[in-house]
Every structure is written in structure tokens, then in C-alpha cells.
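In what follows, a single structure is set out as C-alpha cells and then discussed.
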Amino acid sequence: MTKIDMTSGLTELADFCKRAAAATSRLASVREQDVLIAQTPREEICRVNGRALYRIASDQPRRIPTPVLLVYAMVGHWAVLDLQDDRSFVRNLTDAGCDVYVLDWGHPTPADQFDDFGDLINIYMDRLVETICERHEISAINLVGICQGGLLSVCYTALHPEKIRNLITVVTPVDFHADQEDERVDSGFMNVWTRGLAGEDIDLLVRAMGNIPGEVGGTMFSLMTPFRTLAKYNMTLVQAGQDSDTLMNFLRMEKWLSDRPDHTGASAQQWLKELYQDNKLVKGELVVDGRTVDLRAVTMPVLNIYSETDTIIHPLASKAMRDRIGSTDYTELPVTGGHIGILVARSKKVRDGIVDWLATR
Amino acid sequence: MNSSDHQSETPDYFRQFADPWRVMTEMWASWSEASQAAFKKRGEKAGELLTRAWNPEFWRAGELAPFIEELQEVFSLPRLADVPNVDLSALKPAASMLELAKLYQQYLVVSIPLWVRISQRFQAELAAREKSGEPVKSPGAALDLWNSAVDGTLMEFTRSGEFGDIQQRLLRAAAHYRLQLRAIGERSARAFDMPTRSEMTDLYQRLHDMRKEVHQLRREVRALRGNGNHKSSNAARSTQDDEDRHDVRPD
């Protein structure tokens with residue numbers, strides 16, 4: 001029978017209480033207005049029906065002459081790409097010599113519930129890409145898509161290849177059934193959950209809600225890592241509270257997580273039914289505004305960054321791009337880290353991978 | 001009075017009873033025909049629904065809100081202009097609420113044994129560590145092991161068919177409930193002459209379609225103007241930028 005030393009147990013308990021007190025003390029001195037994210041200076045270039053295009057300010061010399069457009073997912077706000085000074089994906093890129101633009105999907109209202117992939121890709125993205133092209137008097141840009149933004153970027157590139165010089169995808173799913181080849185408990189939950197529903201269930205959800213509330217996505221993410229969810233506001237917060245910088249980082253993440261934009265209903269239907277359930281993209285059956293998205297039309301250089309330890313997007317779902325696109329210049333960059341972790345990490349591996357790759361193209 | 005007079009009275013006497021009796025019989029026959037007609041049209045379906053309602057499995061796994069709709073469909077009558085419409089719509093929100101409560105109970109039934117499984121996993125891991133010569137010595141280490149057991153078991157559970165089934169039914173019940181609440185809200189809104197969600201959704205659809213058409217037309221105009229000439233298109237663009245700036249609400 002296992003014998004546990006109760007004396008050390010009391011010591012551990014006392015230590016935990018001390019740490020909890022320290023965390024409480026630090027937390028008590030932080031106000032909501034002290035927690036700031038997306039503070040890198042930026043300029044609003046234009047706005048289309050609530051979707052904005054920002055240019056990130058930078059006084060660094062331009063190593064990459066062709067501007068880069070970052071397209072984040074509609075699930076969660078793009079501000080995670082600029083979480084804080086030393087954990088800013090956008091600042092990393094600008095410091096490395098990129099001219100960075102960011103697409104802000106904003107906060108969809110009920111009036112936006114009928115925006116589908118056609119609207120997102122052919123109206124908003126295309127409009128903003130054309131704006132960048134005209135500002136710089138160029139015909140094509142570098143496009144960086146992240147997660148769902150990566151999927152939209154891949155579709156955009158397939159439909160408008162002449163406007164994309166280089167395509168970079170980060171933790172982007174392409175084959176939504178690839179997780180079945182390597183079923184893991186710690187990845188691919190969304191794939192399993194959506195395949196457990198009928199198509200009519202998705203239709204019913206959209207009919208009842210209009211836009212899918214951000215809280216629904218938040219609940220799904222909580223279910224992916226249930227223990228982390230249970231332990232976040234006791235163990236994790238106490239641990240973070242031992243250091244002011246770590247606590248502020250935790251609170252910034254919380255601020256970002258609490259800003260959960262709704263997802264437009266029509267695009268959510270396509271996302272869940274046509275991709276997660278029917279996997280139409282890799283089958284060549286995904287139709288956007290009457291045109292089939294043909295991945296073989298993606299013929300420009302492609303850099304595909306994925307995480308081997310991603311709990312949200314199974315790595316095989318990203319790697320499937322290799323055999324589907326028409327590009328002869330395809331590069332993979334595997335990294336380790338969480339789905340969001342690789343974007344907010346202090347490590348410059350992702351940044352250097354992108355910039356070094358772009359510099360030769 | 002002679003015998004012939006006596007004979008003519010008897011038929012009249014019987015006729016006095018027979019005629020009303022015949023009319024009553026015809027009346028009952030008519031009602032019987034009416035019942036048969038109704039039964040032929042609705043009886044089979046009604047019987048199937050009521051049989052379903054007697055099945056305990058229905059109360060465990062069935063969905064009440066669609067059941068109410070089917071009942072309504074079977075027993076509904078044509079709309080009469082000057083008489084209030086009597087339907088089962090008042091039952092629907094109650095049915096949806098009942099369904100959610102039922103699912104909550106079922107969710108507990110499914111999730112409570114999880115903690116037994118977690119304990120078993122924890123015990124097994126403790127024993128394995130003991131056997132391998134690396135016993136857990138401190139409460140902190142035991143807590144770490146417990147947390148690991150919780151994490152692993154919960155993650156397996158959320159990927160299980162059992163969980164998927166409950167989630168699906170929960171989603172349906174919650175969506176039906178929301179739709180029923182919306183229906184109540186719309187009736188109230190109409191009573192106070194206020195816009196309803198259905199009307200707004202219809203407006204949003206029309207607005208979306210118009211916006212799409214406008215974007216398409218602008219694209220065609222730009223193409224006609226020769227978008228390849230950046231200088232001329234920049235001048236044209238500034239006008240179009242102003243036209244594009246019609247935010248619905250600020251971020």
C-alpha cells in the first residue's frame with residue numbers, strides 16, 4: 001500500500017496557501033484598464049462593412065519588399081497576434097523587416113448572419129488585397145493565413161492565384177478527416193464532435209442562433225482540454241501569480257479569450273458541414289460563389305507551418321496540403337507548441353522561418 | 001269501429017315511434033361515418049404517436065418538441081376566419097423545457113460514473129508506481145497523479161459515442177427551446193406592434209443580397225474602367241472608398 005508522508009503534505013499545503021496569498025495580492029493590485037493587448041501602433045487603411053484593414057507601424061528597414069497580409073480566424077480576435085511587447089507575432093514580423101497588414105474580421109452582428117465563404121473571400125478579402133496592391137502599385141501580395149484564416153487564405157489563393165505571390169499557412173486544416181488516420185485523445189476533438197452531429201443539427205443550430213455565439217466556440221475549446229479548464233482559476237492562476245510578468249501575460253490571454261466574436265451563421269454552416277463533416281475541400285467539391293475551389297490552382301510557393309502538439313488542429317490535417325496543391329515549391333515547417341502557443345511564444349522560430357523563406361522568394 | 005279502421009291505426013302508432021327512431025339512427029350513422037372519416041385520415045398516425053408516448057424509451061431518448069409538432073399536425077383543423085386558432089403551441093415551450101431538464105438528468109447519469117472511473121485509474125496508477133519502485137510519497141505528487149487521471153479520463157469521455165449522443169440531443173433540445181421562446185417573443189412583439197426576429201432576419205437577408213449585388217456591380221464597373229491603370233483607378237477608388245464606408249456599428 002502506498003504510504004504518503006503527511007508531514008510533507010502539511011508543508012506543501014502551507015506552501016500552496018502562501019503562494020495563493022501572493023497571487024491574490026498581485027491580482028488585487030491589477031485593474032481591468034491595466035490589462036492591454038494589441039498595443040503595437042497601427043493605422044486603419046480601410047473598412048468594408050465592419051471588416052477593417054490595418055497596417056502595422058514600423059521603422060525597421062524593409063527586408064521583404066512585398067507586403068504581407070495576415071488573415072486570422074473568425075473564431076477569436078486577431079489581437080492574439082499582438083498580445084504583448086515580447087509576445088507579438090505582428091511585431092516579430094515587422095521587426096524582421098516585413099511590411100505587415102492585418103485583416104480584422106470585427107464583431108459580426110445579426111445583420112451579418114448571411115455572410116458565407118463567398119462574402120468572406122470574394123468581397124472582404126479580395127477588396128482588402130486589392131487595396132494593398134493599389135497602395136503599393138503591385139499585382140500580388142504575400143498572404144499569411146492562420147488556422148481558419150489559413151483555410152480562407154488557401155481558398156482565396158485557389159480562386160485568385162494571380163494576386164498572391166507567396167502563401168504561408170500556419171496551423172491550417174485542409175483535410176478535416178485526416179485525424180482518423182491517427183486518432184489521438186489530445187487532438188482533433190472538433191472533428192469528432194462535428195462528425196457526431198447530423199447536417200440537420202448544424203442547420204437547426206444556425207436557424208436558432210443566426211450567428212453562432214462566441215461562447216459556443218469557447219465551450220468547445222474548454223472541452224478539448226477539460227482539466228486545464230477545471231484548473232485554470234485555481235492552480236494555473238496561483239502559479240501565474242507568483243510573478244508579475246507571468247500574471248499579466250495570463251490576464252492578457254484571459255482578456256483575449258473573453259473577447260469571443262460571433263461567427264456568421266452562413267459561413268459557420270459551411271465550415272462545420274461542408275468542411276468538418278463532408279471534407280469537401282480535399283475532395284474538390286467545395287463551391288464558393290459558384291466556383292469550385294481547386295487546390296491545384298495554388299501554384300505559387302507555399303510555406304506550411306504546423307504544430308506536432310496542436311490540440312485543436314491535428315497535424316495530419318495540415319500536412320495533407322502537401323499532396324493536394326499544384327505548387328512545386330512547397331515547404332513544411334513543423335514546430336512544437338500549442339495552437340495559440342506558437343503564435344504568442346517568445347521564440348523567434350516561426351518568425352525566422354517565415355522571413356527567411358520569404359527573403360528568397 | 002270496424003276491423004279495417006283498427007288496422008290503419010296500428011301502422012300510424014308504430015310510425016310515430018319508427019320515424020323518430022329512424023332519424024335518430026340515421027343521425028348516429030352519420031356520426032359514425034364522420035368518426036370513420038376522421039380515423040381513416042388521422043387515426044393511424046395518432047395511434048402511432050400515442051403508442052410512441054407509451055414507450056419508456058421515448059421518454060428516455062425521444063425528443064418532445066418535435067413530438068408536439070407531430071401531434072399538432074395530426075390533430076389540427078383548417079383555419080376559421082372568425083374563431084381563435086386553437087393549437088398546441090402553448091405546450092411547445094413547456095415540452096422543450098421538460099426535454100432540457102430530462103437531458104440534464106441523463107447527463108448526470110452518464111457523467112457521475114466518470115468519477116468512479118477516474119478513481120479506478122488513479123488507484124491503478126498508484127499501484128503501478130508502487131510496483132515499479134517509484135511510489136508516490138507526497139500529497140503533492142499524489143495530487144499531480146490524480147489530476148492526470150482526471151485529464152485523461154475526461155478527454156476520453158468527450159471523444160466517446162456516449163458523450164457525442166448526449167451532446168447531439170442537448171444541442172437539438174436547446175435549439176428547439178430557443179425557437180419556441182422566439183415564437184413567444186414574436187407573438188408578444190406583434191401584440192405591441194414591434195419588429196420581430198423573423199422580420200429582422202428577412203431584412204438582413206435582403207440587405208445581404210443587395211450588398212452582394214452592389215459589390216458585384218462595382219467590380220464590373222472597375223473592370224470596365226480598366227483596373228490595370230493604377231493612377232486612374234486610384235482616383236476612381238477614392239470615390240468608391242467613401243461609398244464603401246457604411247459601417248453598421250463601430251467595433
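Each chain gets a letter, A, B and so on, in the order its sequence line appears, and its residues count up from 1.
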Neighbours of chain B found in residues 202-209 of chain A - heavy atoms under 4.5 Å = A:L204, A:L205, A:R207, A:A208, A:M209
Given a strict heavy-atom distance threshold of 4.5 Å, which part of A:A198 is in contact with chain B: side chain, backbone, both, or neither?
-> both
Shortest non-hydrogen pair, A:Q277 vs A:H177, comes out as O-NE2, 3.0 Å
Atom group of A:M190 that falls short of 4.5 Å from chain B, counting heavy atoms = neither
Expected output: side-chain A:E181 to main-chain A:L316 donor-acceptor under 3.5 Å | no
By a 4.5 Å heavy-atom criterion (distance strictly below it), what part of A:L230 contacts chain B: side chain, backbone, both, or neither?
-> side chain
Taking every non-hydrogen atom, the tightest pair across A:N122 and A:V288 = ND2-CG1, 3.8 Å
Under 4.5 Å, counting heavy-atom pairs only, tell me which of A:D119, A:D126, A:D289, A:L223 racks up the most with chain B.
-> A:D119
In terms of heavy-atom pairs under 4.5 Å with chain A, the winner among B:R219, B:M155, B:R197, B:R159 is B:R159
Go through the atoms of B:S148 and report whether side chain, backbone, both or neither lie under 4.5 Å from a heavy atom of chain A.
-> neither
Does B:F122 reach the side chain of B:V150, with side-chain heavy atoms less than 4.5 Å apart?
-> no
If you tally heavy-atom pairs under 4.5 Å between each of B:Q205, B:R129, B:Q167, B:R182 and chain A, the highest tally belongs to B:Q205
Pairwise side-chain contact, A:W271 with A:F176, heavy-atom cut-off 4.5 Å (strictly under) = yes
Distance-only donor-acceptor check, side chains A:R127 and A:T131, under 3.5 Å = yes
Do the rings of B:F163 and A:F189 sit parallel, tilted or perpendicular, given the 30° and 60° boundaries?
-> tilted
A:D104 vs A:E44 side-chain heavy atoms within contact, under 4.5 Å = no
Go through the side-chain N and O atoms of A:D259 and A:H107 and say whether any donor and acceptor fall under 3.5 Å apart.
-> yes
Region of B:R178 that comes under 4.5 Å of a non-hydrogen atom in chain A = side chain
Heavy-atom distance under 4.5 Å to chain B: side chain of A:D115, backbone, both or neither?
-> both
Ion pair check, B:R117 and B:E156, cut-off under 4.0 Å | no
